[in-house]
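Just so it is clear: chains get the letters A, B, ... in the order the sequence lines come, proteins before strands, and each one is counted from 1. The structure displayed is predicted, hence computed values, not measured ones.
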2 protein chains.
Amino acid sequence: MHRVTSSQTKQTTRTAEQILDVAERLAQTRGFNGFSYADVSDELGITKASLHYHFRTKAELGRQLIARYSLVFRGILEEIELGTTGEAAMVDRYVKVYADVLRGQRMCLCGMLAAEYTTLPEAMQSEIRRFFDLNEEWLTTIFERGRASGELAFEGPARDVANLLLGTLEGAMLVARSYGDVQRFEAVAARLVGGMKPPLRPRSTA
Amino acid sequence: MHRVTSSQTKQTTRTAEQILDVAERLAQTRGFNGFSYADVSDELGITKASLHYHFRTKAELGRQLIARYSLVFRGILEEIELGTTGEAAMVDRYVKVYADVLRGQRMCLCGMLAAEYTTLPEAMQSEIRRFFDLNEEWLTTIFERGRASGELAFEGPARDVANLLLGTLEGAMLVARSYGDVQRFEAVAARLVGGMKPPLRPRSTA
DNA sequence: GTCTATAGGCAGATAGAC
DNA sequence: GTCTATCTGCCTATAGAC
């Protein structure tokens with residue numbers, strides 16, 4: 001076990017995956033500083049010592065948490081890109097990913113960790129930035145392509161629009177969750193995205 | 001001491017104010033779960049026991065932290081409203097308040113606490129919502145007035161635009177702080193606010 | 001109002017048996 | 001891989017002297 005298959009990702013066992021699942025949910029609801037090894041081990045019916053066997057330190061658990069999250073997210077983005085027609089629809093699906101996370105009573109893992117940023121070990125901090133970079137890159141590509149095809153309309157660098165959308169989704173999630181109101185998030189997202197669709201849409205549903 | 005002057009606000013002593021100052025900065029940088037009484041007392045050169053004299057529990061400290069923050073914020077909003085000409089300029093100043101917080105290496109207190117929301121006592125949760133409500137109300141008023149005067153241009157309910165701006169500022173702050181990059185925040189804010197200014201501005205500088 | 005002293009609990013982490 | 005047992009340290013909070 002614990003054989004390194006790449007520089008960042010490990011060959012995890014089934015128990016390790018279960019630990020990550022529970023820790024991920026707790027981190028997304030309570031924050032990384034808001035749960036303990038005891039919380040995770042209690043829920044899985046194992047001891048804290050066993051947990052330390054799979055993840056030597058909490059910092060290491062945290063780092064792998066983000067690494068796995070980013071990997072899954074990357075897969076989702078690829079699926080959206082390959083399985084969707086039209087950049088406007090891709091953006092809609094991207095927004096829906098965030099809405100679904102919120103519907104599950106969770107925050108985006110990295111939005112959550114960004115709040116605790118200064119208290120986290122450097123290894124986790126860089127993984128968080130990588131996650132944001134990943135989102136920024138993907139969105140920038142989609143926006144550039146969308147403007148070229150006429151599916152999307154906006155002024156200035158696509159990268160700026162990408163940062164606006166990413167920031168808005170993270171913040172709107174944060175606020176909406178305080179009210180337990182997913183609709184509040186959806187209204188904000190729809191307004192922002194709606195402003196990027198041209199009056200006459202080439203190949204959209206309307 | 002500790003005489004109640006209103007339902008929420010207490011007549012605080014000078015020491016109590018100093019405690020709130022330090023706790024506020026720590027909460028804005030590390031989160032409410034990211035600092036302890038020891039952190040505050042060490043910095044002020046007093047003991048933890050003294051701290052408990054001024055704030056019986058950490059939950060009570062937290063509640064008063066938000067109450068004071070909201071009070072100060074309300075004063076800032078009033079100052080902006082009374083001391084600024086034109087709703088577009090008011091929005092610009094509102095955004096600048098957030099930018100200045102970020103420049104001081106801090107997050108918005110309530111944006112920070114919103115991330116820890118589920119771990120906080122109910123008294124703090126309701127104070128956080130009140131802060132967001134305060135911002136939403138003020139922005140809604142400004143947007144409505146701005147549209148009526150022709151200073152601002154947007155479609156749909158002013159309240160929706162208010163929620164969009166609030167969410168975006170909180171989220172953009174969160175992300176920008178992870179990069180230690182205030183400009184990243186300013187670019188996002190400028191793009192959003194820029195989209196609400198009409199092509200021909202009645203009384204703005206341009 | 002501030003102190004010393006301490007309670008009681010939980011945190012992350014380790015040693016070593018099975 | 002999982003366990004029991006334990007360590008050390010920090011946490012919030014209180015009692016009571018000054």
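- In this view, Arg103(B) and Asp100(B), Glu186(B) satisfy the salt bridge (charged side-chain N to carboxylate O under 4.0 Å, His left out) rule, not counting sequence neighbours.
- Remark: Gln18(A) pairs with no residue by the side chain to side chain donor-acceptor pair (under 3.5 Å) rule, at least two apart or across chains.
- Residue Tyr53(A) places at least one side-chain N or O closer than 4.0 Å to OP1 or OP2 of dG1(D).
- Rounded to whole angstrom, the span from the CD atom of Gln18(B) across to the P atom of dT2(C) amounts to 9 Å.
- Cation-pi contact between Lys58(A) and Phe35(A): present, with separation from the ring centre below 6.0 Å and deviation from the ring axis of at most 45°.
- Here the closest heavy-atom approach between residue Arg177(B) and residue Leu102(B) is recorded as CB-CD1, 3.8 Å.
- Qualifying salt bridge (charged side-chain N to carboxylate O under 4.0 Å, His left out) partners for Asp133(B), counting only residues two or more places apart in sequence or in other chains: none.
- When each of dT2(D), dA13(D), dG1(C) is scored by its nearest atom to the side-chain atoms of Thr57(B), the top-ranked nucleotide is dA13(D).
- In this model, the phosphate group of dG1(D) is not approached by any side-chain N or O of Thr15(A) to a distance below 4.0 Å at OP1 or OP2.
- Arg30(A) pairs by the salt bridge (charged side-chain N to carboxylate O under 4.0 Å, His left out) definition with nothing, not counting sequence neighbours.
- Closest contact between the side chain of His52(A) and the listed nucleotides dG1(C), dT12(D), dA13(C) involves dA13(C).
- Atoms CZ (Phe55(B)) and P (dT2(C)) sit 12 Å apart, rounded to a whole Å.
- In this structure, Arg56(A) places its CZ atom 10 Å from P of dA15(C), rounding to the nearest Å.
- Listed in residue order, the members of residues 39-51 of chain A having a heavy atom less than 4.0 Å from DNA chain C are Lys48(A), Ala49(A).
- Using a 4.0 Å cutoff on non-hydrogen atoms, the parts of residues 26-38 of chain A near DNA chain C are Phe35(A), Ser36(A), Tyr37(A), Ala38(A), ordered by number.
- Nucleotide dG9(D) holds its C1' atom 16 Å from the NZ atom of Lys58(A), rounded to whole Å.
- Qualifying ring-ring contact (aromatic ring centres under 6.0 Å, His included) partners for Phe131(A), counting only residues two or more places apart in sequence or in other chains: Tyr69(A), Phe73(A).
- Atoms CD (Glu60(A)) and P (dT14(C)) sit 13 Å apart, rounded to a whole Å.
- Applying the salt bridge (charged side-chain N to carboxylate O under 4.0 Å, His left out) test to Glu43(B) and every residue at least two apart in sequence or in another chain returns Arg25(B).
- Screening residues 139-148 of chain B for side-chain hydrogen bond (donor to acceptor under 3.5 Å, both in side chains), with sequence neighbours left out, gives Glu81(B)-Arg145(B).
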